[in-house]
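Right, one structure below, let's go through it.
When reading the values below, keep in mind they use all heavy atoms of this one structure, side chains included, and skip hydrogens, waters and symmetry mates. For clarity, every value in this text was computed on a predicted model and none was experimentally measured.
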Amino acid sequence: MSNAPVVAAVDGSEHSLRALEWARTEALRRTAALVVAHVLPDSVQLYAARRSSLADPSQPDEHPDPVGERVRDILAGAAELPAEVRYESLEGSVPEALRVIAEQALMVVMGSRGRGGFAALLLGSNSRAVASSAVCPVVVVPHAERSAGDGDGAGDGSSSGRVVLGLHAAETADDVVAFAFAEAAARGTTVQVVSAYAIPPAPVMVVDAPFQVIPPEGLADDGNAVPAEREMLRSQTERLAPFRARWPQVPVEQAAVPGDAAERLVTASRSADLVVVGRHHPRRSVGSLMIGSVAHAVLHHAHGPVAVVPTLPDGEDTD
């Protein structure tokens, strides 16, 4: 949906306000409308239902909504806003209300935890539920303690400023790859494609070095490359060819890494602008509410924003 809005889900928590700022910037990049969606607290929903059922004219029309007022004040002070900003007060449970509004969205942007989340949780239940079931991409923005600027600074600098795509050459859906390329095009940056291959059993333990990124033109036969890495890079190149043709302005870097894909993507997330993963294993049904193991691990541990992309309904596009 080329005219679809970016939806920011807010609840007044600092986590959701970080997501609001990310969504504002994304809407400007995409020249899209920004919809600020707030699911009303239970007390407000009960008040509205009670007033409607009693039809008591002495009661005020609306219950105070401090979250909506705070968000409006924050956006009023923003340096720049999209041409269209709308506010939606939703009723119902948070996951269900956001799933409904996601049906008309370019993407939904959420904080990793909401106002009621326990501090020890890495990912809140609402973020997990929406990322597992929305019909559009869901971007989860981590809280400050997990952001790339915190921690020991041991992230992989080769991912700095890039859109990092977790790719299984034979299984990742086209929608996932297209979303990563469209994001990189909107940002004027590089897509770094990361694929993992299994490490064969060996009699000794070998500690591998940080993965290298390789531009497509650098994939000439290399006698020093292990066969599995060489084959993975060539599978990547073949899989990416139509997307490179569609987005010729987007530079591409390819990385084939041994071991666990999720671990490598989490490492890259320390310095990447965005990590993009597919939601489901393709052998699962599109309507499945189960999230894939890589997406699950990256959502829980990434240090930067993560986009979880479903297989989109036929006819929809990401750019």
Side-chain angles (χ1 to χ4, degrees), residues 137 148 155-200 206-279 281-282 292-295 297-298 302-309 318-319:
D156 173 41
S158 64
S159 301
S160 181
R162 290 157 169 74
V163 173
V164 175
L165 167 65
L167 177 71
H168 189 299
E171 297 181 351
T172 300
D174 285 354
D175 298 318
V176 182
V177 185
F179 183 87
F181 272 78
E183 275 295 311
R187 295 163 184 270
T189 191
T190 298
V191 170
Q192 185 182 95
V193 184
V194 178
S195 301
Y197 59 88
I199 304 174
V206 177
V207 179
D208 60 279
F211 66 79
Q212 284 187 302
V213 294
I214 303 174
E217 57 270 18
L219 295 180
D221 286 335
D222 180 2
N224 295 322
V226 297
E229 178 185 8
R230 192 161 56 242
E231 181 57 34
M232 181 66 73
L233 290 170
R234 296 205 179 282
S235 296
Q236 279 186 349
T237 301
E238 181 178 346
R239 182 73 168 79
L240 296 172
F243 300 96
R244 294 184 69 214
R246 182 177 175 185
W247 285 277
Q249 76 278 26
V250 174
V252 178
E253 294 177 347
Q254 296 174 230
V257 299
D260 180 52
E263 179 182 353
R264 302 300 182 140
L265 293 171
V266 169
T267 298
S269 75
R270 286 187 178 274
S271 55
D273 269 9
L274 180 67
V275 174
V276 179
V277 293
R279 184 163 77 197
H281 191 290
S293 58
V294 172
V298 175
H303 302 277
V306 176
V308 179
V309 183
T318 57
D319 61 348

List in chain and number order the residues that pass salt bridge (Lys or Arg N to Asp or Glu O under 4.0 Å) with D174, two or more places apart in sequence or in another chain; answer none if no residue qualifies.
R239

Looking at every heavy atom in both T172 and G166, which two are closest together, and how far apart are they?
OG1-O, 4.0 Å

Does any N or O in the side chain of S269 come within less than 3.5 Å of the main-chain N or O of H303, such that one atom is a donor and the other an acceptor?
yes

So if I apply the side chain to side chain contact (heavy atoms under 4.5 Å, CB included) rule between L167 and each of V191, L240, V277, V176, which one comes out positive?
L240

I need the minimum non-hydrogen distance between A185 and W247, along with the two atoms involved.
CB-CD1, 3.8 Å

Taken to the nearest 0.5 Å, the spacing of Q254 CD from S235 OG works out to 10.0 Å

Out of curiosity, Q192 CD to R162 CZ, how far, rounded to the nearest 0.5 Å?
6.0 Å

Check the pair L233, E229 against side-chain contact (heavy atoms from CB on, under 4.5 Å), reporting the backbone distance first and the verdict last.
CA-CA 6 Å; L233 290 170; E229 178 185 8; 4.1 Å; yes

Is there a side-chain contact (heavy atoms from CB on, under 4.5 Å) between R244 and V250 once you walk through the steps?
CA-CA 7 Å; R244 294 184 69 214; V250 174; over 6 Å; no

Check V164 against A272 and note the closest heavy-atom contact, atom names and distance.
CG2-CB, 3.6 Å

Give the minimum heavy-atom separation between R187 and D273, together with the two atoms involved.
NH1-OD2, 3.5 Å

Is it the case that atom CD in Q249 sees more than 12 heavy atoms from other parts of the structure closer than 6.0 Å?
yes

Taking all heavy atoms of A295 and all of G278, pick out the closest pair and write down the distance.
CB-O, 3.5 Å

State, to 0.1 Å, how close L274 and F179 come at their nearest heavy-atom pair, and which atoms those are.
CD2-CE2, 4.2 Å

Spacing of L165 atom CG and Q236 atom CD [to the nearest 0.5 Å]:
8.5 Å

